[in-house]
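Below is one structure, written out as structure tokens, with a few remarks after it.
These numbers come from the heavy atoms of this one structure, side chains and all, not from hydrogens, waters or symmetry mates. Each chain gets a letter, A, B and so on, in the order the sequences are listed, and its residues count up from 1.
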There are 2 protein chains.
Amino acid sequence: MNSVAEMQQQHINRSSGLPLYLQIYELLRRRITSDEWQPGDMLPTETALLEKYDVSRATVRQALDALVQEGLIYRERGRGTFVAHPTVEQGLVRIVSFTEDMRQRGFEPGTEVLSVGLVQASEEQARALQVPVGEELVHIERLRLADNEPMSIEASFLVHRLCPNILSHDYAVLPLRDALENDYGIRMESATQTIRAFNASPRIAQKLGIRKSSAILVIERISRSQYGVPVEFLQVYHRGDRYVLYNELRG
Amino acid sequence: MNSVAEMQQQHINRSSGLPLYLQIYELLRRRITSDEWQPGDMLPTETALLEKYDVSRATVRQALDALVQEGLIYRERGRGTFVAHPTVEQGLVRIVSFTEDMRQRGFEPGTEVLSVGLVQASEEQARALQVPVGEELVHIERLRLADNEPMSIEASFLVHRLCPNILSHDYAVLPLRDALENDYGIRMESATQTIRAFNASPRIAQKLGIRKSSAILVIERISRSQYGVPVEFLQVYHRGDRYVLYNELRG
DNA sequence: TAGTGGTCTAGACCACAAA
DNA sequence: TTGTGGTCTAGACCACTAA
């Protein structure tokens, strides 16, 4: 099953035109995101890496720098380089799945699929995904539970053209991000989102088990692939009485 | 008046123990934050910098890398390195004043002081500011306007001990941050905040001119000084129908 | 064509952590 | 003392931009 890790290329290609440090970055990144290397594990030393890939130390460090900047690893002088532990702070800086998010908050996550199907892009959706109005979109609506209590409703819209047949999975179990990456090689690499408060509509209030008109924290997110193409338009309705965002700022 | 720029040291100290790239980074950073170099201005080329400071190109690039990462500059291959234009995206990463925030959104900001005085720290406030319950706090409550329409209510709590006499200013005009920095040498350098949605209390609804129970976006922020001491506990109630937060995420 | 930033090499010395 | 990451040098060739 662990096909990504098994198929993993262990060498770099000096004639591919792709910068060496990027190739090394990708190789290391995959080892981390595939969970082959766990949080706290020590990475090979810089010396070991430069020997393995036959590059200079500066090139190895450039690859590691990118991973540090991404928050995936951290360095300790005199000790080594280690896989980072995910932190809550990442909530407003990195794309985090509901499952990860809830685990970090100490809740047991659950999912109930409300509806799945194809729809034609509305004007709002078309604008978000940069496709023509009417383009075929995959629509997945899920109720998200925390410790078996409703926490959020997630409405996801994907460009069907980019991921045909994605509907054959069971999204109560399989994270959407994994399906996109494994089946279509699409990685959600960046996103923009807006956060606002609004009063729950009767339908949303009923699904979330709260009083009509209760305050809802709405997050709308447009995720783009590694090629910069919009892939998903996500609308999340969080219960205002249960869900709090947290982040850190600099002066 | 431009004392910072004038007093600016233009050389690096090779025996200070401070890494050369950090010294260059600081010098360049000051030129940008002091507005000596404006957004869009081209920085000296890497070659010019390495000659000026008599270091290797790698050292210059390390200094520039830090500025790029901070979002203060950007590079264009074949063209040069330029001072970045501030972006809205910084809203969720940097501490931004209401005034700056509104200007970026294209609104004309306004302020009305609702109340000013000393209070004794409640349990919540004491926990946030890490002081004993009952400690004397400065309390400033302001109504914030955008294009003359109510947008938010800000309730600010400061540790009085750290800024005695701060109440002698008029906070409809003077930004709190400026008063802290100019009069007490306190710079708000980092902060943590939470974001949630809740239903407006009758009092808040009335002040904001919205219907009772309308959805409000609440931001609570604890700001710390350059010494890591909590200085301000801020509660902001934004109108859900007018205020939207925006930010960018990475995969 | 000249000048810019992007990538890369093959070294070097250092501060720090752990044995 | 050994091995780690932190800093730094003095080059090199490349792709891209603009004149």
Side-chain angles (χ1 to χ4, degrees), chain A residues 11-29 31-32 37 39-85 226 228, chain B residues 11-29 31-32 37 39-85:
Chain A
H11 299 87
I12 58 179
N13 182 347
R14 300 190 91 93
S15 55
S16 71
L18 216 59
L20 303 183
Y21 81 90
L22 269 186
Q23 297 185 43
I24 296 172
Y25 159 84
E26 287 290 353
L27 291 176
L28 298 177
R29 190 179 195 288
R31 298 267 202 127
I32 295 167
W37 290 341
D41 284 2
M42 183 176 164
L43 269 69
T45 67
E46 297 181 353
T47 312
L49 289 171
L50 70 86
E51 282 169 356
K52 171 164 188 181
Y53 297 116
D54 193 28
V55 297
S56 72
R57 183 154 169 236
T59 303
V60 166
R61 282 185 63 84
Q62 201 171 356
L64 294 175
D65 282 345
L67 292 167
V68 168
Q69 198 173 332
E70 220 178 325
L72 284 176
I73 65 172
Y74 60 94
R75 297 194 261 222
E76 286 190 27
R77 184 199 295 229
R79 299 223 312 128
T81 303
F82 306 86
V83 178
H85 297 79
Q226 65 266 47
Chain B
H11 300 87
I12 58 178
N13 181 346
R14 300 190 90 93
S15 56
S16 71
L18 216 59
L20 304 183
Y21 80 91
L22 269 186
Q23 297 186 43
I24 297 171
Y25 159 84
E26 288 290 353
L27 291 175
L28 298 176
R29 192 179 194 288
R31 297 266 202 129
I32 296 167
W37 290 341
D41 284 2
M42 184 176 163
L43 269 69
T45 67
E46 296 181 353
T47 312
L49 290 171
L50 70 87
E51 283 169 355
K52 171 163 186 180
Y53 297 116
D54 193 28
V55 296
S56 71
R57 185 157 166 232
T59 302
V60 165
R61 282 184 64 82
Q62 200 171 356
L64 294 175
D65 282 345
L67 291 167
V68 168
Q69 198 173 334
E70 219 177 326
L72 285 176
I73 64 172
Y74 59 93
R75 298 195 261 220
E76 286 189 27
R77 186 201 294 228
R79 298 222 313 127
T81 303
F82 305 87
V83 178
H85 297 78

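- For the salt bridge (charged side-chain N to carboxylate O under 4.0 Å, His left out) test, residues two or more places apart in sequence or in another chain that qualify with A:R79 are A:E76.
- Evaluation of the side-chain hydrogen bond (donor to acceptor under 3.5 Å, both in side chains) rule for B:E26 yields no partner, not counting sequence neighbours.
- For B:Y21, there are no side-chain hydrogen bond (donor to acceptor under 3.5 Å, both in side chains) partners at least two apart in sequence or on another chain.
- Taking A:T81 as the reference, nothing meets the side-chain hydrogen bond (donor to acceptor under 3.5 Å, both in side chains) condition, with sequence neighbours excluded.
- Listed by chain and number, the residues in a side-chain hydrogen bond (donor to acceptor under 3.5 Å, both in side chains) with A:R77 amount to none (sequence neighbours excluded).
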(message) Within the 4.0 Å limit for protein heavy atoms, which parts of nucleotides 3-11 of chain C are touched? Write it as a string from 5' to 3', B for base, S for sugar-phosphate only, - for none.
(response) BBBBBSBB-

